[in-house]
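Comments concern the structure below.
All ligand and atom numbering here is 1-based and tracks the order in the structure. All values derive from a computational prediction rather than experimental measurement.
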Amino acid sequence: MDTNTYTEQFLAALTKRDPAQKVFHQAVFEVVSTLKPVLEQKPLYIKERILERIVEPERTIIFRVPWQDDKGEIHVNRGFRVQYNSALGPYKGGMRFHETVTQDVLKFLGFEQVFKNSLTTLPLGGGKGGSDFDTRGKSDSEVMRFCHSFINELYHHIGYHTDIPAGDLGCGAREIGYMFGQYKKLTNDFTGAFTGKKPNWGGSLLRPEATGYGVAYFAQNMLATKGDSLQHKTCIVSGTGNVGIYAIEKLTQLGGKVVGFMDYDGSIYDENGVDAEKLAFLKDLVFVRRGSLKEYDKKFKGAHFRPGKKTWDIPCDVACPTACENELHTEDAKLLLKNGCKCVCEGSNMPCTPGAIEAFQEAGILYSPGKASNAGGVAVSGLEMTQNSMRVYWTREEVDQYLQRIMNNIHHSCLSAAEEYGMKGNYMAGANIAGFIKVADAMIDQGLV
Ligand code: GLU
């Protein structure tokens, strides 16, 4: 059977099996669309049914999470952990706490994580978890009761050598702290079973900054392939969560001028760009006060808050989507291109729709998928695990050096895999191919398990 027929039949069977899992299908379709030359050169992957095996999580845990709010009312959320692939190491990936969380979303995120973790070259398998619990608008004690209840079930299934959760949307150091506390209580074991811990009790310095910094380092690498740099480049960063804020910080430090960013309420257009004072304000607003960007335009002259509006109409050289999946559509891509954007570096997971990616690739601009350019977060999680097992702490500078080296290596792997398989300059193909081959070969080595 030729490769085209094989992949068509494979994708048809995938869709038929779980017809409602649309975002998961989108993630698999993207990967498979770039793997044909690999399957042609190495038919063993077809014979070993690697695609059929790699799309199926090794294990999925779904459980009830009951908790009480501050008024004593009882609520029931649903908890998940998708333990996707352990060919390269224990399952590793974040927890998403957001009302949009479903099994579909976590399968897409877990699938992406397998490839991303492989690209870091660290010994990490892939997984993802979370709940449809929304941390927004909840008190600290409500979040704590929820996290404790969540772990009352999940602690059976995770552990330092098995599965190491971390944060994601709605899950930061506060939530990791509550989950770790309950895990430790139930297991009587202080191990690095979570990453993203606070540095004063086991976390790695630079972990909060790592994803955002990694995005900026990757963008710098991409521009360097054109003999260019971030110096004086106008940049847009969409989300202003953990990834977005630190992407803004590093882009600025590397000479870029960040003029647009957004949150759930709307976006800011600040043609003067973010400076150190504005960044300090943003960090306090987002991380401490958990407030809205509306406050930014009241505080800084020349900034405009645009209620309910996204950032993509703001002219820029470099765009870093850092909010959530499918946040950048075909029409947004066209607008960015019309306004002269030359580099799109993804900070969130699968933020660009297939139509948007096609538009960027047709226009021939630099485009990198999140699984490559946002891998800095999980990479520093891997370093946190190393520090925990060695019982040492590395300085910020040491971690930053590792991070830069890892991001440079990922950039290099993407470009060389793309070139080797006849798709020069295509970061999406390169990331998928390099990530896939490492996992596929390990699966073959380990036999049919
Ligand atoms: N949630 C992050 C990601 O999408 C980090 C995962 C981790 O550190 O384990 O890669």
Charged N to carboxylate O under 4.0 angstrom, K371 versus E346?
no

Does ligand 1 have any atom that is closer than 4.0 Å to a heavy atom of E112?
no

Quick check on contacts: which atoms of ligand 1 are under 4.0 angstrom from a heavy atom of K116?
3 (C), 4 (O), 10 (O)

What is the closest protein heavy atom to atom 6 (C) of ligand 1, and at what distance does it sit?
G94 N, 3.6 Å

Within 4.0 Å of some non-hydrogen atom of Q113, the atoms of ligand 1 are 3 (C), 4 (O), 6 (C), 10 (O)

Please state which part of I164 comes within less than 4.0 Å of ligand 1, counting heavy atoms only: side chain, backbone, both or neither.
neither

For atom 9 (O) of ligand 1, what is the nearest protein heavy atom, given as residue, atom name and distance?
K92 NZ, 2.7 Å

Mind checking whether F150 and F133 have ring centres under 6.0 Å apart?
no

What atoms of ligand 1 come within less than 4.0 Å of a heavy atom belonging to S381?
7 (C), 8 (O), 9 (O)

Please list, in number order, the atoms of ligand 1 under 4.0 Å from a heavy atom of N349.
4 (O)

Less than 4.0 Å between a side-chain N and a carboxylate O, is that true for K310 and E327?
no

So, is the end of the R289 side chain (NZ or CZ) under 6.0 Å from the ring centre of F281 and within 45° of the ring's axis?
yes

Salt bridge or not between R17 and E56? Use side-chain N to carboxylate O under 4.0 Å.
yes

Can you tell which of R59, R81, K92, H157 makes a side-chain hydrogen bond (donor to acceptor under 3.5 Å, both in side chains) with D163?
R81

Within the 4.0 Å heavy-atom shell around R207, which atoms of ligand 1 are there?
5 (C), 7 (C), 8 (O)

How does K128 reach ligand 1, by side chain, by backbone, by both or by neither, if only non-hydrogen atoms under 4.0 Å count?
side chain

Considering only NZ, NE, NH1 and NH2 on the basic side and carboxylate oxygens on the acidic side, decide whether R96 and E325 come within less than 4.0 Å.
yes

Against heavy atoms of A166, which atoms of ligand 1 measure under 4.0 Å?
7 (C), 8 (O), 9 (O)

Electrostatic pair K342:D317 at N-O distance under 4.0 angstrom
yes

If you measure every N/O of N374 against every N/O of ligand 1, is any gap under 3.5 Å?
no

Between the candidates A379, G377, S348, G167, which shows the shortest non-hydrogen contact distance to atom 2 (C) of ligand 1?
G167

Mode of R96 contact toward ligand 1 - side chain, backbone, both, neither (heavy atoms, under 4.0 Å):
neither

Modelled atom types, side-chain donor and acceptor of Y393 and N388, under 3.5 Å
no

